[in-house]
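What follows is a single structure, written as C-alpha cells, with notes after it.
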Amino acid sequence: MLIKEVKASNIRRTRHRNLRQGKPYSTTSYKRDDESTTFHLACLLNNEPISCATFYPENNNFFSKEKAYRLRGMATDLEYRKKGIGKKIMLQAFEKIKKKKGTLLWCNARLVAVDFYKKLGLQIKGEEFDIPDIGPHYLMYKKI
C-alpha cells in the first residue's frame with residue numbers, strides 16, 4: 001500500500017462510499033478541492049484509493065494567531081479501518097503542513113472519529129455541535 005498526493009477527482013468515490021452514502025455524488029466535491037494550496041493524500045491499493053484526506057489553509061476564529069490548516073473528508077473503506085492507514089496519512093500530513101509553515105491543524109470531527117483523532121494528539125475545543133444532514137461533531141485541533 002502506498003500513500004501519496006492525489007487529485008480530488010481521484011478520491012471522490014472514496015468520500016462518497018464512506019462519508020456521503022445516500023447523498024448525491026455532487027456532495028463529494030468541496031469548494032477548495034482544486035486550489036493550489038490544497039493537498040489530498042490517499043492510500044492506494046492496486047492503484048485505487050482505500051483511504052483519503054484533504055488539507056488546506058483555513059483560519060478558524062478559535063485559533064486566530066495560528067497559521068491553521070483544515071482537515072476535511074477523512075475517509076477509509078470499512079474493511080481497511082483500524083489497520084493504521086489513517087494514522088499514516090495523518091502523520092504524512094503533519095510533516096507536509098510543517099514544511100508549509102503551518103502551526104495548527106483543525107477539523108470538525110464526527111463523533112465516530114473523535115477517539116481516532118485523540119490518539120493522534122488532537123484535542124476537543126468547545127461543545128458538541130450539529131452539521132445539518134451530516135450529524136453531531138466536535139471541533140478538534142492539534143498544534144503542529
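Side chains are part of it too, since the values below use all heavy atoms of this structure and drop only hydrogens, waters and symmetry mates.
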Is K96 close enough and on-axis enough to F55, meaning under 6.0 Å and within 45°, for cation-pi? no
Give the minimum heavy-atom separation between Y56 and R72, together with the two atoms involved. OH-CD, 2.8 Å
Indicate yes or no for a side-chain donor-acceptor contact from D77 to the backbone of E79 under 3.5 Å, with no hydrogens or angles considered. no
Close side-chain approach of R70 and R32, heavy atoms under 4.5 Å: no
Within-4.5 Å side-chain heavy-atom neighbours: F63 and L139: yes
Taking side chain as C-beta onward, heavy atoms only, is T76 less than 4.5 Å from I50? no
Hey, what do you get for OH (Y69) to CG (N59), rounding to the nearest 0.5 Å? 11.0 Å
Check whether any side-chain heavy atom of T14 lies under 4.5 Å from a side-chain heavy atom of E48, and answer yes or no. no
How long is the span from the CD1 atom in I11 to the OG atom in S51, to the nearest 0.5 Å? 9.5 Å
Please test E128 against L111 for side-chain contact (heavy atoms from CB on, under 4.5 Å), starting from the C-alpha separation and ending with a verdict. CA-CA 9 Å; E128 181 181 311; L111 298 187; 4.0 Å; yes
With a sphere of 6.0 Å drawn around CD of E127, does it hold more than 12 non-hydrogen atoms of other residues, nucleotides or ligands? no
On a heavy-atom basis, the closest approach of M140 and A109 is SD-CB, 3.6 Å
Any chance you could measure C52, atom SG, to N18, atom CG, to the nearest 0.5 Å? 7.5 Å
Hydrophobic clusters here meaning ILVMFWY residues chained together by side-chain heavy-atom distances under 4.5 Å, can you tell me if I124 and I144 are in one? yes
Under a 3.5 Å distance rule, please check whether T27 uses its side chain to pair with a backbone N or O of P24 as donor and acceptor. yes
Measuring only between side-chain heavy atoms, which start at C-beta, is M74 closer than 4.5 Å to F116? yes
Do K142 and F94 form a cation-pi contact, if we require the NZ or CZ to be under 6.0 Å from the six-membered ring centre and within 45 degrees of the ring's axis? yes
Closest approach of A68 to W106 (non-hydrogen atoms, all atoms of both residues): CB-CD1, 3.9 Å
Side-chain touch L122/C107, heavy atoms, less than 4.5 angstrom: yes
Which of these, K67, K143, E66, sits in a side chain to side chain donor-acceptor pair (under 3.5 Å) with T103? E66
How many angstroms lie between atom CD of E5 and atom CD of Q92, to the nearest 0.5 angstrom? 8.5 Å
same_hphob_cluster(I131, Y141) at 4.5 Å side-chain heavy-atom cutoff: yes
Picking from I89, I97, L105, what satisfies side chain to side chain contact (heavy atoms under 4.5 Å, CB included) with L71? L105
Are Y25 and R20 packed together at the side-chain level, in the sense that at least one heavy-atom pair is separated by less than 4.5 angstrom? no
Start with the C-alpha distance between T28 and R15, add both sets of side-chain angles, then the distance that settles side-chain hydrogen bond (donor to acceptor under 3.5 Å, both in side chains), and finish with yes or no. CA-CA 6 Å; T28 65; R15 287 177 182 168; 5.7 Å; no
Rounded to the nearest 0.5 Å, how far does CZ of R110 lie from CG of L19? 4.5 Å
CD1 on I134 to CG on N108, rounded to 0.5 Å: 9.0 Å
A quick test of your reading: do over 12 heavy atoms of other residues, nucleotides or ligands sit less than 6.0 Å from CG of D130? yes
Nearest heavy-atom approach of Y30 to G73 is OH-CA, 3.3 Å
Are Y80 and L45 close enough that some pair of their side-chain heavy atoms sits under 4.5 Å apart? yes
